[in-house]
Amino acid sequence: MNTDTILHNLNPEQHAAVTAENGHVLVLAGAGSGKTRVLVHRIAWLITDRCESPHNILAVTFTNKAAGEMRSRVEELVGLSARRMWLGTFHSLAHRMLRMHWHEAGLAENFQILDSEDQLRLVRRVIRELNLDEKQWPAKQAQWYINGQKEEGLRPHHIDHYGDPSTRTLLKIYQAYDAICQQSSLVDFTELLLRCHELLVNNPALLQHYQQRFKHILVDEFQDTNSLQYAWLRLLAGDTAWVMVVGDDDQSIYGWRGAKVENIQQFSAHFIDTHVIRLEQNYRSTKVILDAANHVISHNQDRLGKNLWTEMREGDLISVYNAYNEVDEARFITARIQQAMEKGLARSEIAVLYRSNVQSRVLEEALLQVGIPYRIYGGLRFYDRAEIKDALAYVRLIYNLHDDNAFERAVQTPPRGIGDKTMEAVRECARSQQISLWRATQELLQINHFTSRATNALTQFTKLITDMQTDAVDLELHEMLELAVQRSGLIPHFQQERGEKGQARIENLAELIDTGRLFAYDAEEDMPIMAAFLAHAALESGERQAMDENAVQLMTLHSAKGLEFPLVFMCGMEEGLFPHYMCLQDPRQIEEERRLCYVGMTRARQKLYLTFAESRRLHGSETRNRPSRFLRELPPDCYEEVRLRSQNIKAASPLKRLAMDSDAINDEGLMLGQRVYHQLFGEGVILDFEGDGAHRRVQVRFDKQGTKWLVASFAKLVPV
DNA sequence: AAGGCAAATGTTTTT
DNA sequence: CATTTGCCTT
């Protein structure tokens with residue numbers, strides 16, 4: 001494909017960003033301004049116009065999904081030649097380097113990745129081994145501390161506790177944790193980056209090699225990078241690479257997990273000769289939605305400042321619905337979804353966004369009741385499910401008998417008579433001799449250390465594993481997974497579980513085998529397929545189901561980032577829920593909540609609903625919240641308050657009911673979805689109302705004449 | 001060692 | 001309300 005095609009259809013700013021030469025580029029890209037487009041076209045332009053080899057390009061995204069999308073879009077433009085480009089998340093790229101240079105990085109060749117659950121488990125173990133009170137030193141907090149230090153590039157020996165007893169203890173935990181990781185070659189997520197950073201710092205030759213190789217570095221979602229990722233980037237860029245970063249400070253919503261928006265501000269200072277390019281034209285939302293979002297975000301002090309504009313039409317006003325309670329809220333949303341679907345909107349074009357996952361339940365129930373298919377994003381991902389991790393523990397143990405984490409997990413599930421006391425003895429033996437749990441078990445069995453019951457159980461377990469190991473030789477990946485699932489006894493174990501849960505788990509195990517069958521193994525990545533698969537399971541906890549499924553999309557505001565929908569509902573717009581009560585004290589956190597609100601609003605292309613409930617059942621007790629401050633921050637001419645004028649009158653309170661009864665009279669008994677007759681246009685269905693009193697208008701889809709807006713007082717509609 | 005019951009405890013999420 | 005954790009019993 002030629003350059004013209006690549007530059008075709010770009011606006012002047014996008015064009016400037018795509019074709020910028022001699023220096024770095026900081027693209028401040030507002031919501032819906034085409035930032036992914038800029039990145040994709042930039043890469044395509046580098047390859048076709050500048051004749052850069054994909055081999056010399058490094059592109060970083062935040063999720064594997066984004067990486068996948070970007071790769072396929074680039075390939076669409078330039079063809080398969082982009083295969084050799086390094087494109088992935090910070091973590092997957094660091095992982096790749098560590099696999100290639102494991103020796104220089106001080107790791108074992110078969111080093112294992114700890115996901116956050118594994119990490120937490122290990123931290124907990126460390127705390128116990130240090131004889132600390134788990135109540136006083138919660139493992140979660142210690143884990144948070146360790147990751148925080150690593151993100152600042154700090155190893156235990158870099159840290160001075162200045163006699164502070166709390167820091168001293170946390171440091172001790174960090175130290176012990178690191179020692180175990182080093183000894184067993186375990187690498188947690190943050191460690192992937194830190195280790196890789198250290199690898200490059202300590203190996204100038206290697207660093208030089210990569211600096212020479214990556215002449216172009218591109219980073220998406222730059223506002224979400226943390227200090228360590230930024231340091232890694234600067235290191236790799238050296239003095240010669242051209243770096244392009246794309247981000248939006250107004251969409252920084254991950255400050256709470258270490259992301260530093262400051263990286264955007266600092267960028268121009270660190271990378272001299274930076275072109276700053278602002279993408280401010282929004283191609284997504286109507287003017288009303290964009291104006292409202294702009295106005296809300298303008299309440300933030302701490303901004304780089306930009307103003308999004310659009311050439312789109314004004315569009316519908318934002319509708320604000322005051323619900324009586326969360327059930328009423330859900331029913332309103334459901335009714336409006338039905339209405340939109342009648343207008344011909346596909347279910348997948350509709351999203352319901354909320355602040356926290358607990359809110360999804362009521363919505364689900366309401367949707368279920370009227371039979372609208374829906375899909376919930378988030379929650380537990382595939383490879384994070386307990387049954388999957390259980391099965392994988394067997395695979396890992398077969399693959400490497402000295403994988404202690406796998407040993408601990410496999411020995412526990414299904415229960416086989418090996419309990420805490422036995423395991424404690426094994427752990428103690430392993431610790432004192434610095435050997436793996438597997439070897440410790442062998443030794444203790446040999447010296448007849450256990451009671452006959454424990455001896456029996458352990459012998460059986462070791463035999464099970466070695467037998468599986470023997471049978472696993474020369475098996476395909478999926479056959480190996482099948483072996484693990486079949487022989488581990490997990491299926492009968494889950495069958496005992498009451499309810500449908502057990503069945504679901506067994507189905508997931510079957511799916512795991514399929515996953516192995518479909519696993520796309522790129523032999524180029526020069527690691528054994530099993531290592532690649534296990535890394536895949538740890539690093540990509542499983543793409544959630546296919547997007548094209550025709551269902552209403554339910555998700556948190558956080559997971560909505562980067563997506564867009566013609567119709568968006570944001571529910572639970574209440575003080576304490578959104579902004580969340582944990583954030584109310586801190587103005588900085590309030591600003592992050594406001595950015596989250598901005599992100600949510602800018603997801604909507606055509607129509608946005610904001611709803612709040614006067615009273616809400618949360619954690620089992622009734623709460624009454626004030627409407628969210630973000631509602632008050634809406635410009636008055638951008639929204640209207642709406643009421644539900646349809647079937648659910650029975651559910652509302654007596655007060656509400658009165659209000660609705662009077663509405664019904666004004667409407668002359670007309671309701672949404674009702675069939676009516678018009679003298680000229682014939683029969684049709686009511687789709688919508690707009691305005692009040694004499695200006696009240698009704699939208700009707702006539703069977704023969706199409707959809708029309710009519711002034712209610714003139715139309716003389718007769719219910720059929 | 002394992003299952004059952006009471007108590008505690010509730011953001012946002014990727015890797 | 002619902003899930004997870006920890007203690008206690010068998």
Side-chain angles (χ1 to χ4, degrees), chain A residues 60-67 88-95 113-119 124 134-135 138-140 147 150-151 187-193 221 224-226 228-229 252-259 326 353-362 365 377-381 383-384 386 411-424 451 453-454 457 493 496-498 501 535-544 555-562 572 576-584 589 592-593 595-597 599-600 616-623:
Chain A
V60 193
T61 61
F62 260 80
T63 61
N64 293 297
K65 194 173 152 218
T89 62
F90 279 106
H91 298 268
S92 67
L93 295 168
H95 174 246
I113 299 173
L114 290 181
D115 66 24
S116 27
E117 199 192 303
D118 297 335
Q119 185 188 29
R124 191 170 286 140
E134 283 177 79
K135 289 248 162 57
K140 263 255 161 68
N147 289 336
K150 287 190 181 183
E151 268 164 27
V187 179
D188 62 51
F189 286 139
T190 318
E191 181 77 20
L192 285 169
L193 288 161
E221 305 281 14
D224 290 331
T225 44
N226 63 35
L228 180 55
Q229 290 163 338
S252 146
I253 52 175
Y254 287 111
W256 54 273
R257 65 175 201 214
E326 81 280 5
L353 312 181
Y354 36 81
R355 175 64 232 266
S356 63
N357 285 310
V358 279
Q359 291 171 256
S360 69
R361 182 168 246 104
V362 211
E365 279 167 14
Y377 269 80
L380 218 41
R381 279 176 309 264
Y383 290 110
D384 286 338
V411 88
Q412 247 183 38
T413 29
R416 48 166 64 79
I418 302 167
D420 234 25
K421 222 174 140 222
T422 310
M423 276 311 293
E424 206 35 68
T451 59
R453 212 171 96 175
H493 173 241
Q496 285 170 18
E497 211 167 334
R498 60 185 164 68
K501 257 187 173 167
H536 164 86
L539 287 173
E540 322 193 10
S541 12
E543 284 309 289
R544 319 153 196 216
M555 66 189 89
T556 62
L557 288 157
H558 281 90
S559 31
K561 192 171 76 163
L577 236 195
F578 186 39
H580 197 271
Y581 68 97
M582 297 296 281
C583 303
L584 293 176
Q589 285 189 63
E592 183 152 314
E593 295 284 291
R595 291 194 289 270
L596 193 54
C597 183
V599 167
R616 178 180 296 274
R617 215 177 163 73
L618 209 58
H619 309 321
S621 57
E622 198 97 343
T623 52

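The figures here come from the full heavy-atom set of this structure, side chains too, leaving out hydrogens, waters and symmetry mates.
With centroids closer than 5.5 Å and planes inclined by less than 30 degrees as the test, A:H580 and the base of B:dT11 pass as a stacked pair. In this pair, A:F90 does not lay its aromatic ring on the base of B:dT15; centres under 5.5 Å and planes under 30 degrees do not both hold.
With sequence neighbours left out, the side chain to side chain contact (heavy atoms under 4.5 Å, CB included) criterion links A:P414 to A:Y394, A:R416, A:L490, A:H493. In this structure A:E117 satisfies the salt bridge (charged side-chain N to carboxylate O under 4.0 Å, His left out) test together with A:R121, A:K389, A:R409, sequence neighbours excluded. Contacts of A:E191 classified as salt bridge (charged side-chain N to carboxylate O under 4.0 Å, His left out), with partners at least two apart in sequence or in another chain: A:K150, A:R155, A:R195. Not a single salt bridge (charged side-chain N to carboxylate O under 4.0 Å, His left out) links A:R361 to another residue, sequence neighbours left out. For A:F578, the ring pair (Phe, Tyr, Trp, His ring centres under 6.0 Å) criterion is met by A:F630, not counting sequence neighbours. For the side chain to side chain contact (heavy atoms under 4.5 Å, CB included) test, no residue two or more places apart in sequence or in another chain qualifies with A:Q412. Remark: A:R616 pairs with A:E329, A:E574 by the salt bridge (charged side-chain N to carboxylate O under 4.0 Å, His left out) rule, at least two apart or across chains.
The glycosidic torsion of B:dT11 lies within 90° of 0, placing the base in the syn range.
Atom CG in A:L618 sits roughly 13 Å away from atom P in C:dC1 (whole-Å rounding). In this structure, CZ of A:R257 is placed 8 Å from C1' of B:dT15, rounded to the nearest angstrom. Rounded to whole Å, atom P of B:dT13 lies 7 Å from atom CH2 of A:W256.
No donor-acceptor distance shorter than 3.5 angstrom exists from the side chain of A:H91 to the backbone of A:L192, with no hydrogens or angles considered.
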Secondary structure string for DNA chain B (Watson-Crick or G-U under 3.5 angstrom, | for other-strand pairs): ||||||||||.....
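Closest to the side chain of A:T63, from the set B:dT11, B:dT12, B:dT15, is B:dT15. For A:R361, whose side chain is taken as the heavy atoms from C-beta onward, the closest listed nucleotide among B:dT11, B:dT12, C:dA2 is C:dA2. The listed nucleotides are B:dT13, B:dT15, B:dT11; the one nearest the side chain of A:S559 is B:dT13.
When each of A:G620 and A:L557 is assigned the nucleotide of DNA chain B bearing its nearest heavy atom, the one mapping closer to the 5' terminus is A:G620.
With hydrogens and angles ignored, a donor-acceptor pair under 3.5 angstrom links the side chain of A:S116 to the base of B:dT15.
Not one side-chain nitrogen or oxygen of A:T89 sits closer than 4.0 Å to the OP1 or OP2 atom of B:dT15. A sub-4.0 Å separation between OP1 or OP2 of B:dT12 and a side-chain N or O of A:N357 is present. In this model, the phosphate group of B:dT13 is approached by a side-chain N or O of A:T556 to a distance below 4.0 Å at OP1 or OP2.
Salt bridge status for A:K421 with A:E424: absent, with no side-chain N to carboxylate O gap under 4.0 Å.
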Within the sub-3.5 Å range, which N or O atoms of nucleotides 1-5 of chain B have a protein N or O partner, and how far apart are they?
| residue | atom | partner | partner atom | Å |
| --- | --- | --- | --- | --- |
| B:dA1 | OP1 | A:G419 | N | 3.1 |
| B:dA1 | OP1 | A:T422 | OG1 | 2.7 |
| B:dA1 | OP2 | A:K421 | N | 3.1 |
| B:dA1 | O4' | A:R453 | NH2 | 3.3 |
| B:dA2 | OP1 | A:R416 | N | 3.2 |
| B:dA2 | OP1 | A:G417 | N | 2.4 |

